[in-house]
Asks: 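To start, I am sharing the structure in question, which I have written as structure tokens.
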Number of protein chains: 2
Amino acid sequence: MTATVHPLHAKPEPSLEPLMQIVGEDMNGVNAVILERMQSKVALIPELAGHLIAGGGKRMRPMLTLACARLLGYPGTRHHKLAAAVEFIHTATLLHDDVVDGSGMRRGKRTANLIWGNPASVLVGDFLFSRAFELMVEDGSLKVLKILSSASSIIAEGEVEQLTAQRRIETDEDQYLSIIGAKTAALFAAACRVAPVVAEADEEVELALESYGRNLGIAFQLADDVIDYDSDAEVMGKGVGDDFRDGKMTLPLILAYARAGEDDRAFWRSAVSGERVSDDDLAKAISLMRSTEALADTIECARHYGRRAIDALANFPAGKAKSALAEAVEFAIARAY
Amino acid sequence: MTATVHPLHAKPEPSLEPLMQIVGEDMNGVNAVILERMQSKVALIPELAGHLIAGGGKRMRPMLTLACARLLGYPGTRHHKLAAAVEFIHTATLLHDDVVDGSGMRRGKRTANLIWGNPASVLVGDFLFSRAFELMVEDGSLKVLKILSSASSIIAEGEVEQLTAQRRIETDEDQYLSIIGAKTAALFAAACRVAPVVAEADEEVELALESYGRNLGIAFQLADDVIDYDSDAEVMGKGVGDDFRDGKMTLPLILAYARAGEDDRAFWRSAVSGERVSDDDLAKAISLMRSTEALADTIECARHYGRRAIDALANFPAGKAKSALAEAVEFAIARAY
């Protein structure tokens with residue numbers, strides 16, 4: 001499709017703009033908490049944390065907390081601290097992820113571990129994680145604490161599971177879904193579930209928004225895992241092909257391997273074991289993923305979870321908040337094509 | 001003094017035996033929680049965590065929680081989960097410390113990072129840390145959550161401060177005390193303060209036991225920092241001279257440097273900057289620390305904080321719990337000579 005053929009019917013690219021519009025004012029409150037609470041008398045802490053936090057993240061998770069609260073008509077500001085806590089947990093996991101993967105690029109910038117070293121990234125991650133819990137404790141809801149401490153355990157479990165699946169060609173779609181359900185979707189789910197708790201909504205509402213967040217999180221990670229093979233560094237903000245070179249068993253690779261003939265299977269095995277790290281190898285991997293429709297089917301899988309996320313919103317009243325949450329799902333998936 | 005001169009008056013070595021006796025039964029409860037809650041469907045988690053947790057640690061911090069509760073006559077078992085949470089936080093920091101320092105030996109065994117690699121140690125540390133918060137949330141006391149989440153932030157802050165002081169010869173005694181007060185004493189203090197909260201004792205009691213824990217923690221770390229220069233690997237359970245080779249600015253080095261002539265100052269500067277890592281260099285460092293009485297004065301400093309810890313117990317009734325807590329202080333210091 002080109003602009004000259006369908007100039008009037010062109011559907012605009014889905015974006016986070018509607019989400020940002022409905023949460024804009026609240027987000028100023030969250031940003032103030034983030035800025036204030038990442039401070040420390042130890043100068044390296046705000047310096048390192050600020051590099052990542054100020055570094056162009058979308059802040060999708062705290063925006064989801066705010067938008068879900070708006071969907072429920074919650075009038076207060078209690079959730080500002082909690083949304084900041086969610087972002088701190090996310091930032092801590094990014095710092096540790098980059099150490100674990102030895103990553104050099106994130107959000108289009110050099111990673112903290114590259115600039116300040118692994119030790120500083122590990123310890124500042126620990127600080128932000130502790131700070132997140134302090135924020136939750138200040139809020140004082142044991143229910144919120146339960147949701148977010150449980151999510152944190154599940155995230156760490158998912159990260160360890162991902163580590164044990166790395167370079168293991170036997171990893172299958174079920175295990176992949178278990179990993180991304182834990183490492184990514186658990187925090188999206190918790191970020192959304194916190195809002196109805198603060199708004200004192202029914203358990204049914206909690207479960208619906210948790211389901212929205214979980215399915216959105218899975219769709220988001222599926223799209224991310226496509227982008228790692230089908231994008232350029234500018235869009236991605238991090239190195240393309242990182243998953244390939246790290247031997248990460250993401251769905252595009254799992255599907256391509258399952259659909260490969262014997263020769264191509266040998267290629268995938270050697271690639272996953274770390275013997276194929278050149279640009280030509282990556283180009284061949286992408287070509288195989290296209291010819292087996294592994295990339296298209298991963299996007300289709302993302303769409304499936306995206307539809308489930310939108311379905312979870314069915315019983316909420318139509319309005320700006322609901323539309324914005326639905327478009328956030330479209331946005332998460334559209335990044336991949 | 002030798003055994004043949006004073007055979008009948010020889011004071012027995014202080015030990016943790018009395019502490020273990022009064023908390024023995026409770027400790028079984030704590031160990032059961034630890035074992036149960038370090039489990040995960042991801043096999044690497046209990047494998048790696050178990051290596052360290054089962055690996056001969058003294059479990060001093062959870063024992064302190066239990067002994068303080070006993071001192072207050074607390075009859076319940078709520079503190080078992082909290083003592084386990086304290087040990088999980090401690091274990092998480094050890095895992096991350098060993099990654100940060102690149103350590104190879106801990107408690108007389110190879111470190112987890114050496115066996116399973118840095119990524120696994122970072123992520124399993126994150127898991128144990130999250131699990132600790134889950135245990136606290138299950139207990140349900142916001143006051144306990146506040147004490148332990150604040151301690152966790154302070155620990156991380158202290159670890160980052162230690163990192164920034166590393167290889168900086170200008171680091172002075174004040175900064176050193178700030179670092180160990182945060183990285184070590186904060187958790188001892190919190191472990192002790194949790195007991196009066198659970199036992200619903202007065203704030204005055206909380207502050208007394210916190211002071212006991214904090215001063216014991218400082219004495220403990222001072223003794224540890226002497227042991228790193230004045231012990232053998234068998235007693236130490238980890239490599240002797242690690243602090244020296246890592247350029248860690250601990251009190252023995254700070255004092256020896258302050259008291260050195262110009263030649264020896266040059267030696268210390270090159271050592272701290274990482275240019276002197278041989279066994280001969282370590283031997284020279286130890287010899288300088290002895291001739292300047294830096295080691296003896298660090299032990300004297302530990303005794304000072306030890307006396308403050310014991311003073312903090314003044315208003316508690318005499319009995320087995322109080323004696324055991326006092327002997328724990330003697331034990332912490334006596335390890336250094």
Side-chain angles (χ1 to χ4, degrees), chain A residues 37 40-45 48 89 92-93 95-97 99-102 116-138 140-164 166 178-179 182, chain B residues 37 40-45 48 89 92-93 95-97 99-102 116-138 140-164 166 178-179 182:
Chain A
R37 303 308 290 276
S40 160
K41 62 166 185 148
V42 183
L44 177 56
I45 291 176
L48 192 155
I89 292 174
T93 63
L95 285 171
H96 288 186
D97 275 0
V99 168
V100 164
D101 291 340
W116 290 280
N118 285 341
S121 282
V122 170
L123 298 174
V124 174
D126 290 350
F127 174 80
L128 291 175
F129 197 59
S130 302
R131 217 5 91 80
F133 276 94
E134 285 191 283
L135 284 165
M136 292 176 232
V137 171
E138 284 172 27
S141 159
L142 280 166
K143 208 166 169 185
V144 167
L145 275 157
K146 189 169 158 54
I147 290 167
L148 282 167
S149 62
S150 163
S152 294
S153 276
I154 290 168
I155 291 166
E157 235 171 352
E159 298 274 2
V160 179
E161 191 176 8
Q162 173 172 263
L163 195 66
T164 62
Q166 204 170 352
S178 155
I179 290 169
Chain B
R37 303 308 289 276
S40 161
K41 64 167 184 149
V42 183
L44 177 57
I45 291 176
L48 192 156
I89 292 174
T93 63
L95 286 172
H96 288 186
D97 275 0
V99 168
V100 164
D101 292 340
W116 290 280
N118 285 341
S121 282
V122 170
L123 298 174
V124 174
D126 289 349
F127 174 80
L128 291 175
F129 197 60
S130 303
R131 217 4 93 80
F133 275 93
E134 285 192 284
L135 283 165
M136 293 177 232
V137 172
E138 283 172 27
S141 160
L142 280 166
K143 208 166 169 184
V144 167
L145 274 158
K146 188 169 159 54
I147 290 166
L148 282 167
S149 63
S150 162
S152 294
S153 275
I154 290 167
I155 292 166
E157 236 171 351
E159 299 275 1
V160 179
E161 191 177 6
Q162 173 173 263
L163 196 66
T164 61
Q166 205 171 351
S178 156
I179 290 168

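Here is how names work: the chains are called A, B, and so on, in the same order as the sequence lines, proteins then strands, and each is numbered from 1.
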Asks: Tell me, for A:T164 versus chain B, whether the close heavy atoms (under 4.5 Å) come from the side chain, the backbone, both or neither.
Replies: side chain
Asks: Report yes or no: does A:R37 contribute a side-chain atom to a donor-acceptor pair with the main-chain N or O of A:R131 at less than 3.5 Å?
Replies: no
Asks: For B:T93, which atoms come within 4.5 Å of any heavy atom of chain A: side chain, backbone, both, or neither?
Replies: neither
Asks: Side chain from CB out, backbone as N, CA, C, O: work out which of these in A:N118 comes under 4.5 Å of a heavy atom of chain B, or both, or neither.
Replies: neither
Asks: Looking at B:E157, B:E159, B:E138, which has the largest count of heavy-atom pairs under 4.5 Å with chain A?
Replies: B:E157
Asks: Do the rings of A:H96 and B:H96 sit parallel, tilted or perpendicular, given the 30° and 60° boundaries?
Replies: perpendicular
Asks: When only pairs under 4.5 Å are counted, which of B:S149, B:S152, B:G158 shares the most heavy-atom pairs with chain A?
Replies: B:S149
Asks: Look at A:L123, A:D97, A:L48 and state which one has the largest set of heavy-atom pairs under 4.5 Å with chain B.
Replies: A:L123
Asks: Contact part of B:S40 toward chain A, heavy-atom cut-off under 4.5 Å: side chain, backbone, both or neither?
Replies: both
Asks: Is a salt bridge present between B:E161 and A:K41, judged by a nitrogen-to-oxygen distance below 4.0 Å?
Replies: yes
Asks: Where is the tightest heavy-atom contact between B:G140 and A:L142, given as atom of each residue plus distance?
Replies: O-CD1, 3.3 Å
Asks: What's the shortest heavy-atom distance between A:L95 and A:S121, and which atoms?
Replies: CB-O, 3.8 Å
Asks: Rounded to the nearest 0.5 Å, how far apart are CG of A:L135 and OG of A:S130?
Replies: 11.0 Å
Asks: Below 4.5 Å from any heavy atom of chain A, which atoms of B:L163 appear? Answer side chain, backbone, both or neither.
Replies: side chain
